[in-house]
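Worksheet: the structure to be examined is printed underneath.
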Number of protein chains: 2
Amino acid sequence: MPKRVDHEERRAQIAEALIRVAGRRGLHAVGMREVAAEAGVSLRLVQYYFETKEKLLFYGLRHLTDRFTARVGARLAAAGPEPGPRATVEALLLASLPTDEESRTFHLLYSSYAILSVTDGALAAQPFIDNPDAAENALAGLLEQAQAAGLADPEADARTEAISLLAMAATLGTSILVGQRSPESAIAVLRHHLDRIFTTATRAPARVGR
Amino acid sequence: MPKRVDHEERRAQIAEALIRVAGRRGLHAVGMREVAAEAGVSLRLVQYYFETKEKLLFYGLRHLTDRFTARVGARLAAAGPEPGPRATVEALLLASLPTDEESRTFHLLYSSYAILSVTDGALAAQPFIDNPDAAENALAGLLEQAQAAGLADPEADARTEAISLLAMAATLGTSILVGQRSPESAIAVLRHHLDRIFTTATRAPARVGR
DNA sequence: TTCTTCGTGGTACGACCGTATCACTAATAT
DNA sequence: ATATTAGTGATACGGTCGTACCACGAAGAA
């Protein structure tokens with residue numbers, strides 16, 4: 001055999017080319033030839049590692065969400081060694097807004113995939129149920145923690161607020177994408193609701209009880 | 001000349017065929033031949049009334065928003081002869097959720113067009129700025145009215161709340177579309193925020209001051 | 001070394017798409 | 001009555017797309 005190449009690595013390389021091309025020209029407009037050219041390989045190679053376009057798209061979605069999850073994790077880590085609940089929630093929500101090229105591409109493509117999954121049964125709709133559910137559960141958990149620690153309004157319904165915050169972040173992100181809203185105004189709206197949910201003492205993490 | 005047909009009427013007929021087929025198979029998958037077949041006319045006819053596909057899609061978007069605007073108006077009219085501010089706002093928000101076939105199609109296609117406009121410069125992005133702005137202004141106005149009438153929390157920031165409500169309604173709608181959330185739970189989330197903004201006395205429109 | 005098999009390139013095929021062309025019909029204006 | 005023209009049908013053209021096919025080199029196995 002020849003070079004004995006790492007298939008998974010090759011697939012990732014091609015998937016990133018797909019993401020770049022789709023981010024520029026739209027998911028609907030990507031063809032296998034263009035992905036191959038962007039990745040610097042031949043059309044045959046793309047066929048070889050992903051037998052069909054459907055599998056390529058499927059893998060691309062997986063790769064996209066993986067990259068985004070890693071990015072959000074990095075943002076959280078960058079938020080400091082031991083951030084308060086509010087800082088964590090805020091970092092989580094703001095990380096999903098399309099404020100730079102990478103998050104812009106993510107938002108655009110994830111939305112494209114989601115819309116596509118409604119009519120094209122081939123693309124599994126499951127990722128668009130499981131991922132949001134996971135995010136919702138994580139956020140609801142954080143809010144409950146904050147409530148238990150006396151840092152958030154104990155009257156609030158944590159799950160409903162989690163759903164609401166994520167829902168707002170998603171549409172605000174799209175508004176930024178289409179140029180209707182500035183990132184700053186989107187952030188202001190989200191902060192407004194965080195101020196409502198979290199008790200104000202949280203902002204400067206007063207060293208009480210610790 | 002032959003039949004002397006009404007062009008505008010014909011265009012509307014073809015646009016509705018476009019909307020039907022796009023609602024079934026996705027906006028990206030519609031071709032002029034399929035639209036023609038759905039409308040019961042020949043391919044040449046579609047070419048004749050819309051010279052190019054781009055113009056057909058453009059007209060289709062306009063037709064879609066017009067139909068939806070009319071629908072929301074009808075919903076408002078059906079909400080009673082003199083509804084309170086809360087009933088009006090609630091009707092407005094719930095009318096935009098994809099709960100039946102027509103609103104489902106609208107939500108799907110409007111989202112598809114919006115996402116498409118991000119990468120395809122040909123489709124004007126302006127409708128996706130102007131329409132949301134108008135909705136936001138209308139809703140903010142309603143909330144201010146309610147505040148002035150003492151029916152809503154005077155401390156609330158009407159514009160921020162309007163943006164938030166519309167943002168939530170949009171994402172909740174998409175969640176319904178992809179099957180993540182039930183219409184009932186989406187409605188519950190929206191009602192939760194309406195309860196927060198409006199003073200409870202509003203629900204039964206007490207005949208005070210009138 | 002020889003044989004097998006993985007990786008790779010080039011290219012062709014068949015289908016579909018948007019658009020263009022040509023012809024024909026029928027209603028109106030003169 | 002006839003010339004004109006809006007409306008309509010059938011069909012062809014050029015391009016692109018996803019996929020299939022064929023051939024070859026190179027690395028490990030025998």
Side-chain angles (χ1 to χ4, degrees), chain A residues 1-61 109 112-113 116-117 119-123, chain B residues 1-22 24-61 112-113 116-117 119-123:
Chain A
M1 315 99 179
K3 299 180 213 161
R4 232 62 212 289
V5 97
D6 181 344
H7 279 215
E8 209 52 37
E9 186 181 336
R10 197 65 114 183
R11 271 194 266 261
Q13 170 199 351
I14 295 175
E16 299 212 355
L18 162 70
I19 291 171
R20 282 196 301 274
V21 158
R24 280 200 304 269
R25 316 218 304 119
L27 186 60
H28 68 283
V30 301
M32 306 198 73
R33 284 168 178 82
E34 198 177 356
V35 170
E38 175 79 21
V41 300
S42 73
L43 169 62
R44 182 67 181 85
L45 260 282
V46 180
Q47 282 189 268
Y48 183 73
Y49 291 106
F50 307 91
E51 294 164 31
T52 177
K53 186 185 182 182
E54 184 185 313
K55 291 180 183 171
L56 170 61
L57 288 178
F58 196 83
Y59 189 97
L61 172 60
L109 294 191
S112 300
Y113 271 111
L116 201 57
S117 80
T119 43
D120 289 26
L123 237 78
Chain B
M1 316 101 179
K3 299 182 216 161
R4 231 61 213 289
V5 98
D6 181 344
H7 280 215
E8 209 52 37
E9 186 181 335
R10 196 70 111 175
R11 272 193 266 263
Q13 170 199 349
I14 295 175
E16 299 212 355
L18 162 69
I19 290 171
R20 282 196 301 275
V21 69
R24 281 200 307 268
R25 316 218 303 119
L27 186 61
H28 68 283
V30 302
M32 306 199 74
R33 285 168 177 81
E34 199 178 355
V35 170
E38 174 79 21
V41 301
S42 73
L43 169 61
R44 181 66 181 84
L45 261 280
V46 179
Q47 282 189 269
Y48 184 73
Y49 291 106
F50 306 91
E51 294 164 32
T52 177
K53 186 185 182 184
E54 185 184 311
K55 291 179 183 171
L56 170 62
L57 288 177
F58 196 82
Y59 190 96
L61 171 60
S112 300
Y113 272 111
L116 200 58
S117 80
T119 45
D120 289 25
L123 235 77

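Every chain is numbered from 1, with letters handed out A, B, ... down the list of sequences. The basis for the numbers below is simple: all heavy atoms, side chains too, and nothing from hydrogens, waters or symmetry mates.
- Proximity of residues 12-27 of chain A to DNA chain D (heavy atom under 4.0 angstrom from any strand atom) is not detected for any residue.
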Between side-chain atoms of residues 28-35 of chain A and protein atoms elsewhere (two or more places apart, or another chain), which donor-acceptor pairs fall under 3.5 Å?
unit_1, atom_1, unit_2, atom_2, d
A/His28, NE2, B/Asp120, OD2, 3.3
A/Glu34, OE1, A/Arg25, NE, 3.3
A/Glu34, OE1, A/Arg25, NH2, 3.0
A/Glu34, OE2, A/Arg25, NE, 2.7

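- Applying the salt bridge (charged side-chain N to carboxylate O under 4.0 Å, His left out) criterion to B/Glu54, with sequence neighbours excluded, gives no partner residue.
- The environment of OH in A/Tyr59 is crowded: more than 12 heavy-atom neighbours from other residues, nucleotides or ligands sit within 6.0 Å.
- Of all the residues in residues 44-60 of chain B, B/Arg44, B/Gln47, B/Thr52, B/Lys53 reach under 4.0 Å from DNA chain C with at least one non-hydrogen atom.
- A/Arg24 approaches B/Thr119 most closely through the heavy-atom pair O-CG2, 3.7 Å.
- Note that the CG atom of A/Leu109 and the CG atom of A/Leu57 stand 10.5 Å from one another [nearest 0.5 Å].
- Atom CZ of A/Arg44 and atom OH of A/Tyr49 lie 10.0 Å apart (nearest 0.5 Å).
- Within the model, atoms CG of A/Leu56 and CG of A/Leu61 stand 11.5 Å from one another, a figure rounded to the nearest 0.5 Å.
- Between the side chain of B/Arg11 and the backbone N or O of B/Phe50, no donor-acceptor pair lies under 3.5 Å.
- If you take CZ of B/Arg11 and C1' of D/dG7, they are 13 Å apart, rounded to a whole angstrom.
- The stretch residues 30-39 of chain B touches DNA chain C through B/Val30, B/Gly31, B/Met32, B/Arg33, each having a heavy atom within less than 4.0 Å of the strand.
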Pair up each side-chain donor or acceptor in residues 12-22 of chain B with any protein partner under 3.5 Å, not counting sequence neighbours, and list the distances.
unit_1, atom_1, unit_2, atom_2, d
B/Gln13, NE2, B/Ala39, O, 3.2
B/Glu16, OE2, B/His63, NE2, 3.1
B/Glu16, OE2, B/Arg67, NH1, 3.3
B/Arg20, NE, B/Glu38, OE2, 2.7

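- Computed from coordinates, the B/Leu43 CG to D/dC13 P distance equals 16 Å when rounded to whole Å.
- At the phosphate of C/dC6, neither OP1 nor OP2 sits under 4.0 Å from any side-chain N or O atom of A/His7.
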